[in-house]
Amino acid sequence: MAWLRVVDALKAEVGTKVTVKGWIRTRRDSKAEGGLSFLNVHDGTCFDPIQVVCPGSLSNYASEISKLTTHCSVECDGTIVATPKGGKEISADPANGGAVRVIGWVDDPDHYPIQPKQHTMEFLRENAHLRVRTNTFGAVARIRHTLSMAMHRFYHERGFFYVHTPIITASDCEGAGQMFRVSTLDLMRPLPRVAPEQESAEAKKLREEFSKKPNMPAWTYGQVDHCKDFFGKEAHLTVSGQLNVETYCTALSRVYTFGPTFRAENSNTSRHLAEFWMIEPEIAFADLQADSELAEDFIKYLINACLTERADDMKFFDERIEKGLLTRLGHVLNTPFRRLPYTEAIKILEKAIAGGKKFEYPVKWGIDLQSEHERFLTEEHFKQPVILMNYPKQIKAFYMRLNPPGTDGAPGDTVAAMDVLVPGVGEIIGGSQREERLDVLDARITEMGLPIKEYWWYRDLRRYGTVPHAGFGLGFERAMMFITGMGNVRDVIPFPRTPGSAEF
RNA sequence: UCCCUGUUAGCUCAAUGGUAGAGCGACCGGCUGUUAACCGGUAGGUUGUAGGUUCGAGUCCUACACGGGGAGCCA
């Protein structure tokens, strides 16, 4: 008998002898025909389980099969047969060599957390090690894989190179938020609180002894001296691979990075994680328009991949997680994204307010748009993905390219930045054309009060054969939410890390 | 970090300040080619933690812990 995965067993010809290995989803019993049990067995290879029909004539029927509960593991030998309703199932009739072997029992089934019933997302989140055994999280896991693979394929097909940018960064110049410190110093040791000249001889001796040990923070009165730290300077977990990937862009033309990203912000929302995954492509000889076209093609490619490769899981999300999901995604797929200058967006919002629309925050050219404004534009006004472009320079990062004065008729300076907003999730992509002119870049760095010396290697890219280039960052978990309809970012990553929570 | 809200059986939730209950799940039995099965029965509780008010607290008060929703920050 050939061992087939459930996905293949469901496609096998009637009459094929097969073995399947997996876990019990449900068991139902009938007393007909001298005892009959129906086992739904799944192995995660597809959404549907396969039904194994177990007649009472099996030698272990009364002793084992009739006692199986959810998530007991089994090996089933049998023959593929047609069900009365036209599907496929496995007959484990011993007369034809059928057998069911129990591999692992579920201890104390009354207290096994994942019962065959509806659970809340909150409960399953607290059982993150077991939740992938449910329909929902099995589907999420498969979609997450499909999305990853589709993403690599999209870039590979277009001649991009995958660059592994570092996780640890020793430059504090990324400016994308609070960072986690990386250190081997033993910070459990207290720092001396007195000035060296006031230190007692005994304390001084103790301090000098400590300083000779490995991993001890060397200190200069009251301050940690990171020159004795592992990297010889203060180091952090990356908040973005962009600055690094730009270096490869200016030699390989089309590159992308995909990896974990860390933000130490105390954000407690359904859209934020302390550890998340981000995709950042970077294209040379390209402007913001090309960047926005790449972003649109990319999102559509991802949607299409999930719809065609995982129709079973997507159907489940449409039926049980977000009604109308497939219609929504189909609409996104078939409609060009709306491109809208920031300056125009402000006018639309002001017009809406004049028409009676109430917002908590005021709208005025020059201020950043709030969640409620973005939601209004993408969910109410346009009802489709919107790419907002050319933001006021004072609310955007230093590396974004300064537009010519008067772009879009704006009353102030703008930069070539874009945000892609989608209904339900909000900002899913943030990107820009990068400032390739060294003098303009330097002026921006200085203007924003950033330490220009720290940017020496980033500035070198502009000194040596500079080119216009652009890129963006797509939050992988936000893309997951958008495509699955899942409402909380903590439920689209296997083990979420959030403030106060790093269980598992 | 701020605002709102919640924590009672394995899970989801009830319970005027006065004997702690139901549905689902588990277990036992009945019925049945079943598939969110159905019918009957059994077991299952230090009501998040620590204080306080009261003759009496799941219920009122205080603090803390944890969860959820929203905001800010962003992806």
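Heavy-atom basis, side chains included; hydrogens, waters and symmetry copies ignored. Proteins get letters first, then strands, A, B, ... in listed order; numbering begins at 1 in each.
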Within the modelled atom types, does a donor on one side and an acceptor on the other bring the side chain of [X] and the base of [N] under 3.5 Å apart?
X: A:H119; N: B:C11; value: no
X: A:Q115; N: B:G10; value: yes
X: A:E122; N: B:G69; value: no
X: A:R478; N: B:C74; value: yes
X: A:D29; N: B:U34; value: no
X: A:Q118; N: B:U12; value: no
X: A:S267; N: B:C74; value: no

Expressed in whole Å, how much space separates the [atom1] atoms belonging to [N] and [M]?
N: B:G45; M: B:U34; atom1: C1'; result: 35 Å
N: B:C66; M: B:G56; atom1: P; result: 32 Å
N: B:G25; M: B:U42; atom1: C1'; result: 14 Å
N: B:A57; M: B:U16; atom1: C1'; result: 14 Å
N: B:U59; M: B:G21; atom1: C1'; result: 15 Å
N: B:G52; M: B:C74; atom1: P; result: 47 Å
N: B:C39; M: B:U49; atom1: P; result: 36 Å
N: B:G6; M: B:A75; atom1: P; result: 35 Å

Determine which nucleotide pairs with [N], using a 3.5 Å limit on both distances of a Watson-Crick or G-U wobble pair.
N: B:C60; result: B:G52
N: B:U47; result: none
N: B:A22; result: B:U12
N: B:U1; result: B:A71
N: B:G6; result: B:C66
N: B:G17; result: none
N: B:G29; result: B:C39

Touch check for [X], heavy atoms < 4.0 angstrom, all strands: base, sugar-phosphate only, or nothing?
X: A:R125; value: sugar-phosphate
X: A:L273; value: base
X: A:Q370; value: sugar-phosphate
X: A:V53; value: base
X: A:R131; value: nothing
X: A:S37; value: nothing
X: A:E280; value: nothing
X: A:H272; value: base
X: A:R320; value: nothing

**Prompt:** CZ of A:F298 to CD1 of A:I429: how many Å apart, nearest 0.5 Å?
**Reply:**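 It comes to 7.0 Å.
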
**Message:** Check this for me: A:R101, atom CZ, are more than 12 non-hydrogen atoms of other residues, nucleotides or ligands nearer than 6.0 Å?
**Reply:** yes

**Prompt:** Starting at the 5' end of RNA chain B and moving along, which residue's nearest nucleotide shows up first, A:I429 or A:P109?
**Reply:** A:P109

**Asked** On RNA chain B, nearest-nucleotide positions of A:Y112 versus A:T69: which is more 5'?
**Response** A:Y112

May I ask you to verify if any side-chain N or O of [X] is less than 4.0 angstrom from the OP1 or OP2 atom of [N]?
X: A:N127; N: B:C11; result: no
X: A:R28; N: B:C38; result: no
X: A:S270; N: B:G69; result: no
X: A:S30; N: B:G33; result: yes
X: A:R375; N: B:A71; result: yes

Rounded to the nearest angstrom, tell me the gap between atom [atom1] in [X] and atom [atom2] in [N].
X: A:R25; N: B:A36; atom1: CZ; atom2: P; value: 13 Å
X: A:F123; N: B:U12; atom1: CZ; atom2: P; value: 6 Å
X: A:N266; N: B:C73; atom1: CG; atom2: P; value: 14 Å
X: A:K396; N: B:C73; atom1: NZ; atom2: P; value: 11 Å
X: A:Y361; N: B:C2; atom1: OH; atom2: P; value: 15 Å
X: A:L421; N: B:A75; atom1: CG; atom2: P; value: 12 Å
X: A:E275; N: B:C74; atom1: CD; atom2: C1'; value: 17 Å
X: A:E265; N: B:A71; atom1: CD; atom2: C1'; value: 14 Å

**Item:** Verdict with reasoning, A:D419 to A:K396, per salt bridge (Lys or Arg N to Asp or Glu O under 4.0 Å)
**Value:** CA-CA 11 Å; A:D419 280 356; A:K396 288 294 180 181; 3.5 Å; yes

Given [options], the nucleotide with the shortest approach to the side chain of [X]:
X: A:P116; options: B:U35, B:A26, B:C74; value: B:A26
X: A:F276; options: B:U34, B:G25, B:A75; value: B:A75
X: A:R263; options: B:U34, B:G25, B:A75; value: B:A75

**Item:** Main-chain N/O of A:N135 paired to A:H42 side chain as donor or acceptor, under 3.5 Å
**Value:**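 No.
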
**Request:** Going by the side chain to side chain contact (heavy atoms under 4.5 Å, CB included) test, name the single residue among A:V52, A:I103, A:V20, A:V41 that passes it with A:V74.
**Result:** A:V41

**Working for side chain to side chain donor-acceptor pair (under 3.5 Å), residues A:T45 and A:D43** = CA-CA 6 Å; A:T45 54; A:D43 65 359; 2.6 Å; yes

**Request:** Please find out if less than 6.0 Å separates the ring center of A:F359 from that of A:F376.
**Result:**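 So the answer is yes for these two rings.
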
**Item:** Aromatic ring proximity A:Y162/A:F258, centre distance under 6.0 Å
**Value:**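 Not under 6.0 Å, so no.
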
**Prompt:** Got a salt bridge between A:R310 and A:D312, using NZ or NE/NH1/NH2 to carboxylate O under 4.0 Å?
**Reply:**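 Yes, A:R310 and A:D312 are salt-bridged.
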
**Request:** Flag the pair A:R144 and A:E477 as a salt bridge only when some basic side-chain nitrogen lies within less than 4.0 angstrom of an acidic carboxylate oxygen.
**Result:** yes

